[in-house]
Amino acid sequence: MAFHPHLFVLENTHRIEEETMKKITPLLILFLISFVAILAGCGRLNDMGSLATTPAPVVVDQGQITKDDGRESNNKNETEPELQTEEIIIDLSSERVPVKVKGIYVSAYVAGTPSMLDSLLAEIDKTEINTLVIDLKDDFGRVACEMDSPLVKELGSVRVYIQDVDAMMKKLDEHGIYAIARIPAFRDAWVGSTRPEWCVKYADGTVFVDRDGNTWVNPYKREAWDYLVELGVQAKKLGFDEVQFDYLRFCTEPGMENVVFDEADVNGRSRTDIVCEFMEYAYQKLKNQGLFVSADVFGAIINSDINANAVGQIYGELAKHVDYISPMVYPSHYGNGYYGIDYPDTRPYETIATALMDSRKELYFAGKDGGHMATVRPWLQDFTATWLTHHIPYGPKQVREQIQATYDAGYDEWLLWDASCRYDWDGLLTPEAAEAEAAQIAQSRSALPETTFAPEAGRAAGLTEESVSAQVPTGVPGNGKGGNHGETLPVPTGSPGPTVEVYMGD
């Protein structure tokens, strides 16, 4: 056979190509599979991206929240600088759920003693009471429990009365109790020893001390405001629903006429100006925390320029800067002849009804601009004023009379005060009876014609708008505002909080 070199080369080439292809083909197949997998993976990632996009950042303005509109935003760098530099204030006020309060005062000591609190709650469960006002800071400036607050720790304000706040709040919640933290504002003996520069002073720099040995915070000192607001913020963290400011005033005891306020602090503002300014400041701060805010005020400031200017409380103006205002209308704290009543302590119904009709009148005129006005929630008396020459024992009958007067004046909420926390439970209704009473009151009011200052129910005691307006305390000239108070009427003294001290005695 003849040898053909070109055929040999061709055959060898084909054989080499076949062997090469056998080796390469698996590699190609593997490459193709990998390539397809990569493409499929990218497709799935794109699908996942369309299903789980990062929502657009929530842009928070001062006191407002702009909700996400659901559109995707991919440019992260455009929003981060704004979120890092803007002050974020979240307005939680819309989350606040009001409660129609029927409450009692409880000292921090009682609230912090489990056996005492349990006994109290056992009685409360049988009645219409649904609220406790508990001292978070006592009348001497001591904070009742430990707080995670650098400022409180720096001042050393804590004196533990409530060892286990979480357990206490859990117990209150189990019993359906609305919890109010009472914070005395401007009387504070402790701050006098730790921050004397915040306190009211004489011209020589000596700190003013009242008859009980307590110093008073200077309401013109802005740094003191932040301390009070900080206590309110801590109250929210502890689980309280509301903050109630007491001692929201200037002291009126002898010696105050000699104190000096730095004009740089005063800046032309009156006593009533600065108290309202503080309350507006605290209200906005704490409202944004989701808290309700209330204030205790003298009952005697209602429609009285003289008393209002002395203590720094204008009833109608303060009512614009709180959710609830609590005038302390204890019958024992009005002088003889006040409201034309010989001895107010001996006539609880008439005293409360007349005072609260006066309240309706002042708030009616204060709110004619259509702005916010607080709900009135008066403090009522559940103690016997033994220091008065003309007094009567207070028990279930007197407690119920005051509550009835509150309803007859058109108000629905109230608080009872007894410094010893011993309440006349027999003067209170059962939950079922209270519910039936509320329905009856609502039905009765709906059937009555609308009146300007008070519902017609008040007429049952002969207390009409005309008769109340015409009343002038015996032997006391009118002061030109409402005609109910006189220029010679004594200015209230003593504690501004709901205490057993007498404000206006014989």
Side-chain angles (χ1 to χ4, degrees), residues 101-108 131-141 178-188 214 216-217 219 228 231-232 235 240-252 271-272 275-276 278-280 282-283 286 291-302 304 307-308 310-334 352 355-356 359 362-363 374-383 402 406 411 413-419 492-504:
V101 161
K102 299 177 180 180
I104 59 174
Y105 161 78
V106 176
S107 68
T131 299
L132 293 185
V133 180
I134 300 172
D135 285 331
L136 186 62
K137 180 163 83 83
D138 67 19
D139 292 358
F140 309 103
Y178 181 80
I180 300 177
R182 177 176 176 260
I183 301 177
F186 298 134
R187 191 181 95 162
D188 194 317
N214 297 300
W216 285 71
V217 171
L228 295 170
L231 292 175
F240 285 92
D241 304 293
E242 179 178 325
V243 165
Q244 180 189 87
F245 287 106
D246 199 357
Y247 288 83
L248 189 67
R249 68 168 179 98
F250 286 76
C251 181
T252 58
R271 292 186 176 193
T272 54
V275 170
C276 274
F278 161 73
M279 202 62 256
E280 181 179 10
Y283 180 47
L286 298 178
L291 283 163
F292 286 101
V293 181
S294 57
D296 296 336
V297 298
F298 274 129
I301 68 166
I302 300 173
S304 170
N307 289 332
V311 299
Q313 297 174 342
I314 294 183
Y315 192 60
E317 288 302 309
L318 281 174
K320 297 177 181 179
H321 305 301
V322 288
D323 295 300
Y324 301 95
I325 191 163
S326 295
M328 295 169 281
V329 289
Y330 313 122
S332 62
H333 287 24
Y334 290 99
I352 298 296
L356 292 183
S359 162
E362 180 160 347
L363 295 188
T375 297
V376 175
R377 185 198 286 158
W379 277 104
L380 307 178
Q381 178 174 328
D382 194 3
F383 57 86
Q402 293 175 87
T406 301
Y411 296 131
E413 304 187 34
W414 42 265
L415 299 166
L416 298 179
W417 176 270
D418 183 352
T493 59
S495 167
T499 72
V500 295
E501 288 187 58
V502 60
Y503 301 59
M504 309 183 70

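Side chains are part of it too, since the values below use all heavy atoms of this structure and drop only hydrogens, waters and symmetry mates. All values reported here derive from a predicted model rather than from experimental measurement.
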Look up atom [atom1] in [X] and atom [atom2] in [Y], then write down how far apart they are to the nearest 0.5 Å.
| X | Y | atom1 | atom2 | result |
| --- | --- | --- | --- | --- |
| Asn214 | Phe186 | CG | CZ | 15.5 Å |
| Leu416 | Leu380 | CG | CG | 6.0 Å |
| Thr131 | Glu242 | OG1 | CD | 8.0 Å |
| Leu415 | Trp379 | CG | CH2 | 4.5 Å |
| Ser304 | Gln313 | OG | CD | 11.5 Å |
| Gln244 | Ile180 | CD | CD1 | 6.0 Å |

Name the orientation class of the two ring planes belonging to Phe245 and Phe278 (parallel below 30°, tilted from 30 to 60°, perpendicular beyond 60°).
-> perpendicular

Looking only at atom types and distance, does a side-chain atom of Ser326 sit under 3.5 Å from a main-chain N or O of Arg377, one as donor and one as acceptor?
-> yes

Go through Met279 and Val293 one step at a time and tell me if the side-chain contact (heavy atoms from CB on, under 4.5 Å) criterion holds.
-> CA-CA 9 Å; Met279 202 62 256; Val293 181; 3.7 Å; yes

Heavy-atom closest pair, residues [X] and [Y]:
| X | Y | result |
| --- | --- | --- |
| Ala181 | Phe240 | N-CD2, 3.5 Å |
| Phe250 | Gly312 | CD1-CA, 4.5 Å |
| Asp296 | Leu248 | O-CB, 4.3 Å |
| Val329 | Ala355 | CG1-CB, 3.9 Å |
| Ala185 | Val217 | O-CG2, 4.2 Å |
| Val133 | Arg182 | CG1-CB, 3.8 Å |

Is there side-chain contact between [X] and [Y], with at least one heavy-atom pair below 4.5 Å?
| X | Y | result |
| --- | --- | --- |
| Leu363 | Tyr315 | yes |
| Pro378 | Ile352 | no |
| Asn307 | Phe298 | no |

Run the numbers on Lys102 and Trp414 for side-chain contact (heavy atoms from CB on, under 4.5 Å), then give the verdict.
-> CA-CA 5 Å; Lys102 299 177 180 180; Trp414 42 265; 3.7 Å; yes

Verdict with supporting geometry, Lys137 and Asp188, side-chain contact (heavy atoms from CB on, under 4.5 Å) | CA-CA 9 Å; Lys137 180 163 83 83; Asp188 194 317; 2.8 Å; yes

Looking at Tyr247, does the NZ or CZ of Arg187 lie under 6.0 angstrom from its six-membered ring centre and within 45 degrees of the ring axis?
-> no

With a 3.5 Å cut-off and no angle check, do the side chains of Ser332 and Gln381 form a donor-acceptor pair?
-> yes

How would you list all residue pairs meeting salt bridge (Lys or Arg N to Asp or Glu O under 4.0 Å) that involve residues 319-333, not counting sequence neighbours?
-> Arg96-Asp323, Glu317-Lys320

Decide side-chain contact (heavy atoms from CB on, under 4.5 Å) for Cys276 and Leu318; before the verdict, give the C-alpha distance in whole Å, the side-chain angles of both, and the deciding distance to 0.1 Å.
-> CA-CA 6 Å; Cys276 274; Leu318 281 174; 4.0 Å; yes

